[in-house]
Amino acid sequence: MNLQINQEQINETYELKLAGEVDAYTAPKLKEVMLPLTEKEGNIVVVDLSGVEYMDSTGLGIFVGALKSSKAYNSSLKLRGMTERVKRIFEITGLTEVMDIESEVKGEAL
Amino acid sequence: MPAKDALTERYQDLLSVYLKAKTETTLYKGQQFSRKLLEQQISPEDLVSLHIQVMDELFPDMSEEMRDSFDFLLEAMIGYGFAYREHQSLRDKQQQLESEIEVAASMQQTLLLSDVPDFDDLDIGVVSVPAKKMNGDYYNFVKSGNSLSVAVADIIGKGIPAALCMSMIKYAMDSLPDEQMKPHLLLENLNRVVEHNVHSNMFITMFHGVYEPESHKFYYAGAGHEPGFIYNAKEDQFHDLIAKGLVLGVSRTTTYHPYEKEIEIGDMVILLSDGVTECRTNKGFIEREEIVSLIRKYMDLPAQKIVENVFQELDRLQGFELRDDFTLIVLKRLV
């Protein structure tokens, strides 16, 4: 499985739309794109996860790293559009409490 | 060098047959011969010089330009020769590193191995299997006074950094004073250590519990770990063992909530890693209910047999290809 990352930029807002799986194989690719964006003060990085069917703990680690980096550099990181499966691992790990996550949740395909 | 002479002879045979008949079969044999050359560590420029030698014998009256062009080709191959030798030495180094990793892995397993303690009141079963050489899952039992402390952790970030992290936890746990064995306090302490030391992409999920045989109470707390189960014998029902909390290593000031549960005779506490719930089969993910029904199927057996049987069934369902480290622990109250 692969991961596609589409990036759009309006002023200081960067939107990353992900599709596929974020796992040990694809995580380095996501890190390469996302991390530098969080390293500039004032940047707003919005990650749309509605196309992500699966994320493992290595993938989650990339978001933990990006969160820390956004705090260190005064940028902001927002996540949105999680599927139930992805939302579950953010909930179990307690990350929903410390991350900016848009509450609207996309259900699994019927 | 007899081996090289034999190669020259073989090359001469193949080439002359090909030049006469020009068949696909001989071309294919040429391909196979190239594997043999690699086995014998013949470098690219050696092959060109072999070619020159053979051509000289086959065509003694080859034109001077043709002959010189081969010498030129020989020079042009030198760079490939360097690349080839570099590749060889990197391969040797890689093999050396691999064997070193293997040694490190087995050392790690020995150093961090937690014996399953004899504990009169509880029947304890553990299975912990790494997906790669190093296990990112970690479990630890500590007997302190009459109580039994059990920890399960999953270090995110695989391989060697994860293994080093695990050692860090073990020594941090071992060096905590007894009064801090309260699970939520232990997690708070560890969180500070981990947050301070860990690489930003890494984090640790952990569950820690303490069973007190006098009160038959199980005290526990969780740091973002996959919830276990608790089996209530009286109701004959499994419940999720929820212990909410943020994973270790994200925020320095995180506090953890203390939980407790009364454990009756026949009740079971089941702890696991997310390698158990992230099992993938052809049909999709294994659901938690399926794990419960597997445990139910074997729950009359001794605890060690339960975990081994559940592991074997899940391993079979995924075609014996473990994608993530797998840890399952069962504690059953006997008396």
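Letters A, B, ... are given to chains in the order of the sequence lines, protein chains preceding strands, and every chain is numbered from 1. Because the structure is a prediction, the values reported are computed rather than measured. Below, all heavy atoms of this structure are taken into account, side chains as well, without hydrogens, waters or symmetry copies.
Side-chain atoms of A:Asp56 come within 3.5 Å of backbone N or O of A:Thr58 as a donor-acceptor pair. The main-chain N or O of B:Leu272 is found under 3.5 Å from a side-chain atom of B:His225 such that the two form a donor-acceptor pair.
Between B:Tyr139 and B:Phe141, the ring-plane angle classifies as perpendicular under the 30° and 60° cut-offs.
Annotation: B:Tyr219 is not in aromatic contact with B:Tyr259 [ring centroid separation under 6.0 Å not met].
When each of A:Thr96, A:Ile92, A:Leu95 is scored by its heavy-atom pairs under 4.5 Å with chain B, the top score falls to A:Ile92. Comparing B:Ser251, B:Gly245, B:Ala243, B:Gly222 by how many heavy-atom pairs each has under 4.5 Å with chain A, the most go to B:Gly245.
Using a 3.5 Å distance cut-off with no hydrogens or angles, the side chains of A:Thr13 and A:Asn11 do not pair a donor with an acceptor.
Residue contact with chain B, scored on non-hydrogen atoms closer than 4.5 Å, involves the backbone and the side chain of A:Leu60 alike. Only the side chain of A:Val98 comes within contact range of chain B, judged by heavy atoms closer than 4.5 Å. Contact of A:Lys71 with chain B is not made at all, since no heavy-atom distance falls under 4.5 Å.
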